[in-house]
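Values below: all heavy atoms of this structure, side chains included; hydrogens, waters and symmetry mates excluded.
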Amino acid sequence: MVRLVGSIDKGVLYVVATPIGNLGDISARSIAVLQQVDLIAAEDTRHTKPLLHHMGIATPLFAMHEHNEQAQLDGLIERLGAGQSIALVSDAGTPLISDPGFLLVRECHRSGIRVSPVPGACAAVAALSVSGLPPDRFRFEGFPPRTASARQQFFRGLLAEDATLLFYESSHRIVASLADMSMVFGGDRRAVLVRELTKIHETILSAQLSELSAIVERDSNQSKGEIVVLVAGARKDCDSVSAEAERVLDILRETLPLKQAVSLAARISGEKKNRLYQLALKNERQ
Ligand code: SAM
């Protein structure tokens, strides 16, 4: 039987996702859990209070900032051990994803306390789902370092990664960060800037990194609000296919089925069939 909302269990830490903009994204189950737990441990109570007020939830709040997470652990574990149930929430989206909560969840595991998710919005996953970049393999890297030299080194470490790359970035650093991405990954890498998801100014800009960087530098509106940047993964072995072989393949692919186009392109260009096949598949996924 499908359990739509139901009652909560005692002595459980519920990790509850909250909306990343549009309050309509709160789920019926999150509301039920937030209403029924004994305590809500929040990243910043000033942020969570208005949400709870909007939902008519009066559960006591407890402030759990990242810098005091360790100090608060014992008290929370003790309460859970005594049978109280606690909901962990962050300012927006899924707790622990570039947000506090990891120490508490790990301590629950160590102490034999059940942890249960109440899933919902996560900016990274929402951005990936609308980016138009291959979603089958992705690498979430959170916020890049703040200083230019550390950031460039960080991007260089990801140069060969062939999975789609995901970054969170602040509006203050997005111009500099995009310029560094363009310099390190190359201006011709495809990238997508996803801004203000689920809010009035929701924007999805897809372009090559050099162009995206120029757009955001030119138009200050494009650096406002909350931002996720996605960068296409590095191309693999098929990159070594000559431009001429790729051109032949592209022309043949316009009218022929994949296998036939690859076979003919290999005969015309002298390129290995396997490499052309990989290239054709990759191009079709992008
Ligand atoms: N835990 C959150 C989650 O599940 O997405 C992320 C918290 S992190 C501190 C905040 C960052 O997430 C923002 O700086 C931005 O990069 C991204 N973000 C949050 N809300 C967003 C939105 N509505 N649109 C685009 N990016 C968003």
- Item | The single option from Val228, Ile204, Leu230 passing side-chain contact (heavy atoms from CB on, under 4.5 Å) against Val130 | Ile204
- Positive for side-chain contact (heavy atoms from CB on, under 4.5 Å) with Pro95, one of Val15, Thr18, Val105: Val15
Ignoring hydrogens and angles, write down the donor-acceptor pairs under 3.5 Å from the side chains of residues 171-189, residues two or more places apart or on other chains.
residue : atom : partner : partner atom : Å
Ser177  : OG   : Glu169  : OE2          : 2.9
Asp180  : OD1  : Gln152  : NE2          : 2.9
Asp180  : OD2  : Arg151  : NE           : 2.9
Asp180  : OD2  : Arg151  : NH2          : 3.1
Arg189  : NH1  : Ala232  : O            : 2.7
Arg189  : NH2  : Leu159  : O            : 3.0

- Looking at residues at least two apart in the chain, or sitting in another chain, which of them share a side chain to side chain donor-acceptor pair (under 3.5 Å) with Ser131? none
- Message: Quick check: do Leu133 and Val192 have side-chain heavy atoms less than 4.5 Å from each other?
- Response: yes
- Query: Out of curiosity, does Val118 fall in the hydrophobic cluster containing Leu80 (side-chain heavy atoms, cut-off under 4.5 Å, transitive links)?
  - Reply: no
- Item | Which residues share a side chain to side chain donor-acceptor pair (under 3.5 Å) with Glu107, sequence neighbours left out | none
- When clusters are formed by joining ILVMFWY residues with side-chain heavy atoms under 4.5 Å apart, either directly or through shared neighbours, do Leu13 and Val37 land in the same one? no
- Message: Could you walk me through whether Thr164 and Arg137 satisfy the side-chain hydrogen bond (donor to acceptor under 3.5 Å, both in side chains) test, starting with their C-alpha distance in whole Å, then the side-chain angles of each, then the deciding distance to 0.1 Å, before giving a yes or no?
- Response: CA-CA 6 Å; Thr164 296; Arg137 289 178 54 247; over 6 Å; no
- Query: Does Tyr168 use its side chain to pair, donor to acceptor, with the backbone of Ala124 at less than 3.5 Å?
  - Reply: yes
- Item | Heavy-atom closest pair, residues Ala42 and Leu61 | CB-CD2, 3.8 Å
- Taking atom types as modelled, find out whether Asp99 and Ser90 have a side-chain donor-acceptor pair closer than 3.5 angstrom. yes
- Do Leu88 and Pro100 have side-chain heavy atoms sitting under 4.5 Å apart? no
- Does the side chain of Val262 come within less than 4.5 Å of Asn274's, by heavy atoms? no
- Item | Ser30 and Ser27 side chains, donor-acceptor separation under 3.5 Å | yes
- What side-chain hydrogen bond (donor to acceptor under 3.5 Å, both in side chains) pairs are there with at least one residue in residues 76-87, not counting sequence neighbours? Asp38-Ser85, Arg79-Gln84
- Task: Please check if Leu197 and Ile227 belong to a single hydrophobic cluster, counting links between Ile, Leu, Val, Met, Phe, Trp and Tyr side chain heavy atoms closer than 4.5 Å.
- Result: no
- Query: Can you tell me how far the CG atom of Leu104 sits from the CD1 atom of Ile86, to the nearest 0.5 Å?
  - Reply: 7.0 Å
- Going by side-chain heavy atoms closer than 4.5 Å, which hydrophobic residues are tied to Val125, directly or by a chain of links? none
- Do Glu244 and Arg247 have side chains that get closer than 4.5 Å, going by heavy atoms? yes
- Item | Residue pairs passing the ring pair (Phe, Tyr, Trp, His ring centres under 6.0 Å) test where at least one lies in residues 101-124, sequence neighbours excluded | none
- Item | Leu281-Leu256 co-clustered via ILVMFWY side chain contacts under 4.5 Å | no
- More than 12 foreign heavy atoms under 6.0 Å from CD of Gln153: is that the case here? no
- Query: Would you call Val89 and Leu34 a side-chain contact if the rule is heavy atoms closer than 4.5 Å?
  - Reply: yes
- Under a 4.5 Å cut-off applied to non-hydrogen side-chain atoms, are Cys108 and Ile77 in contact? yes
- Query: Under a 4.5 Å cut-off applied to non-hydrogen side-chain atoms, are Leu252 and Ile268 in contact?
  - Reply: yes
- Item | Chi angles and distances behind the side chain to side chain contact (heavy atoms under 4.5 Å, CB included) call for Leu276, Ser269 | CA-CA 10 Å; Leu276 286 169; Ser269 66; 4.2 Å; yes
- All pairs passing salt bridge (Lys or Arg N to Asp or Glu O under 4.0 Å) where residues 205-233 contributes a residue, at least two apart: Lys199-Glu226
- Message: Using a 6.0 Å cut-off, check whether atom CZ of Arg106 has over 12 heavy atoms from anything other than its own residue.
- Response: yes
- Message: Distance check, rounded to the nearest 0.5 Å: Ile215 atom CD1 versus Ser223 atom OG?
- Response: 12.5 Å
- Can you measure from CG (Leu51) to CE (Met55) and round to the nearest 0.5 angstrom? 4.5 Å
- Item | Pairing residues for Arg139 by the side chain to side chain donor-acceptor pair (under 3.5 Å) criterion, not counting sequence neighbours | Glu141, Glu161
- Task: Determine the minimum heavy-atom distance between Pro19 and Asn22, stating which atoms define it.
- Result: CB-O, 3.2 Å
- Hydrophobic cluster membership, Phe62 vs Leu96, 4.5 Å side-chain cutoff: yes
- 4.5 Å side-chain heavy-atom contact, Leu39 and Leu76: yes
- Note on the structure: Scanning both residues in full, the closest heavy-atom pair of Ser242 with Glu271 reads N-OE1, 3.7 Å
- Item | Pair listing, side-chain hydrogen bond (donor to acceptor under 3.5 Å, both in side chains) test, anchored in residues 46-59, at least two apart | Asp44-Arg46
- Query: Rounded to the nearest 0.5 Å, how far does CD1 of Ile26 lie from CG of Leu52?
  - Reply: 8.0 Å
- Query: Given the rule in the side chain to side chain contact (heavy atoms under 4.5 Å, CB included) test, do Asp9 and Tyr14 qualify, once you have shown the distances and angles that lead to the verdict?
  - Reply: CA-CA 10 Å; Asp9 293 326; Tyr14 289 94; 3.7 Å; yes
- To the nearest 0.5 angstrom, please state how far the CD atom of Glu196 sits from the CG atom of Asn221. 11.0 Å
- State whether the side chain of Gln36 and the backbone N or O of Ala32 hold a donor-acceptor pair below 3.5 Å, judged by distance alone. yes
- Item | Point-to-point distance, once rounded to the nearest 0.5 Å, from CD1 of Ile20 to OG1 of Thr198 | 5.0 Å
- Note on the structure: Residues passing the side chain to side chain contact (heavy atoms under 4.5 Å, CB included) test with Thr203, sequence neighbours excluded, are Arg195, Leu205, Gln222
- Task: Taking the six-membered ring for Trp and the single ring otherwise, decide whether the centroids of Phe155 and Phe167 are under 6.0 Å apart.
- Result: yes
- Heavy-atom closest pair (Val231 atom, Leu209 atom, distance to 0.1 Å) is CG1-CD1, 4.2 Å
- Item | Pairs touching residues 70-101 that satisfy ring pair (Phe, Tyr, Trp, His ring centres under 6.0 Å), sequence neighbours left out | none
- Main-chain N/O of Ala17 paired with Thr94 side-chain donor or acceptor, under 3.5 Å: no
- Message: Show me the pairs that pass ring pair (Phe, Tyr, Trp, His ring centres under 6.0 Å) and involve residues 196-217, at least two apart or across chains.
- Response: none
